[in-house]
Each structure stands twice: as structure tokens, then as C-alpha cells.
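Structure first, then comments.
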Amino acid sequence: QVQLQESGPGLVKPSQTLFLACTVSGASGPTAFHYWAWIRQPQGKGLEWMGVISYTGSTYYSPSLKSRTSIARHTSKNQFTRQLPTVTPEDTAVYYCAASMKLHLGATNKNLYGYWGQGTQVTVPS
């Protein structure tokens, strides 16, 4: 069974860079899902779509984060990563990775994704 697993530092100090990774495992490789997305949920807020990367390497970002985030795909490691520089306490959230066979810009509905990770908590203290 295909599984997505997020990994992150847990705690990131303000102004530093947050590095996240999503590892894909299971019978189906990452090429079976052409789009890998990052979604987060800040405390007390709804899900926020951050961006997506295609199997060809094309990236799409939320306009609110485009200037400070990046996504990369590493097919040899069956994973894709995300970088978020200069974090603030507002970046505290549970971060999820998800995979889909079609492009869904801005989508936060889990039903639109073939697979959805368990999420990893990232805290940026004040």
C-alpha cells in the first residue's frame, strides 16, 4: 500500500529555515502520482494549500508563499522536499504532504488526493 510520510524538525526558531521532506513508499512509485503537494493547518485555522510539484519538475505555489518557499522532487529517493525560509510564529502548523494524479491548484479537500500523509507538527516559538 502506498504511504506518504512527512518528516521535519519539530521546532524551528524564528527567522530560520524550515526543511520538510515527504517520503513515498509502497507498491506504487512516485511516478504513479504526477503531482505532489504540501498543505498545512495552523492552529485554529483551516487547511492552507502551499504548493505542488509535478513529475516533470514544474512547480506551482500559493501566491501568499511564492516569494519564500520552494519545493523539490527527488525521484531517486522517492521523496520531495519543501523549504520555508525566515519562519515566524505564524508558520506554526501541522504540515501534510499529499499526492494526486491530476493537478489541483489550491485544493485542500483530501478526497481530491490519492494519498495524504499523517502530518508533522512544526512549532515556531514567539
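These numbers come from the heavy atoms of this one structure, side chains and all, not from hydrogens, waters or symmetry mates.
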Angle class for the Trp116/Tyr96 ring planes (parallel below 30°, perpendicular above 60°, tilted otherwise)?
-> tilted
Donor-acceptor contact present, side-chain Thr120 to main-chain Glu6, <3.5 Å | no
If you measure from OG on Ser54 to CH2 on Trp36, what distance do you get to the nearest 0.5 Å?
-> 10.5 Å
Given side chains that start at C-beta, do those of Pro89 and Pro125 come closer than 4.5 Å, heavy atoms only?
-> no
Close side-chain approach of Leu84 to Tyr95, heavy-atom, < 4.5 Å = yes
Considering all heavy atoms, the nearest Ser100-Leu112 contact = CB-O, 3.8 Å
Passing option when Val87 is tested against Thr92, Val12, Val122, Thr17 for side chain to side chain contact (heavy atoms under 4.5 Å, CB included) | Val12
Across all chains, not counting sequence neighbours, the side chain to side chain contact (heavy atoms under 4.5 Å, CB included) partners of Thr86 are Arg68
From Gln16 atom CD to Thr88 atom OG1, the distance as rounded to the nearest 0.5 Å | 13.0 Å
Residues pairing under salt bridge (Lys or Arg N to Asp or Glu O under 4.0 Å) where one sits in residues 35-44, two or more places apart or in two chains, turn out to be Arg40-Glu48, Arg40-Asp91
Check: Ala107 main-chain N/O paired with Tyr113 side-chain donor or acceptor under 3.5 Å | yes
According to a 4.5 Å side-chain heavy-atom criterion applied to Ile, Leu, Val, Met, Phe, Trp and Tyr, with indirect links allowed, do Ile53 and Phe19 form part of one hydrophobic cluster?
-> no
Just how far is it from atom CZ of Arg82 to atom OH of Tyr61, taken to the nearest 0.5 Å?
-> 10.0 Å
Run the side chain to side chain contact (heavy atoms under 4.5 Å, CB included) check on Val52 and Thr59 step by step: do they pass?
-> CA-CA 6 Å; Val52 63; Thr59 55; over 6 Å; no
Output the distance between atom OH (Tyr35) and atom CE (Met101), rounded to the nearest 0.5 Å.
-> 12.5 Å
Any side-chain heavy atom of Tyr115 within less than 4.5 Å of one from Cys97?
-> no
With the side chain counted from C-beta on, respond yes when Trp38 and Leu20 share a heavy-atom pair under 4.5 Å apart, and no when they do not.
-> yes
How long is the span from the CG atom in Leu103 to the OG atom in Ser58, to the nearest 0.5 Å?
-> 9.5 Å
Determine, using the 4.5 Å side-chain heavy-atom cutoff (strictly less than), whether Val94 and Leu11 are members of one ILVMFWY cluster.
-> no
How many angstroms lie between atom OG1 of Thr23 and atom CD of Gln5, to the nearest 0.5 angstrom?
-> 7.5 Å
Can you tell me which residue pairs pass the salt bridge (Lys or Arg N to Asp or Glu O under 4.0 Å) test with a partner in residues 11-23, sequence neighbours excluded?
-> none
So does Gln118 have more than 12 non-hydrogen atoms from other groups sitting under 6.0 Å from CD?
-> no
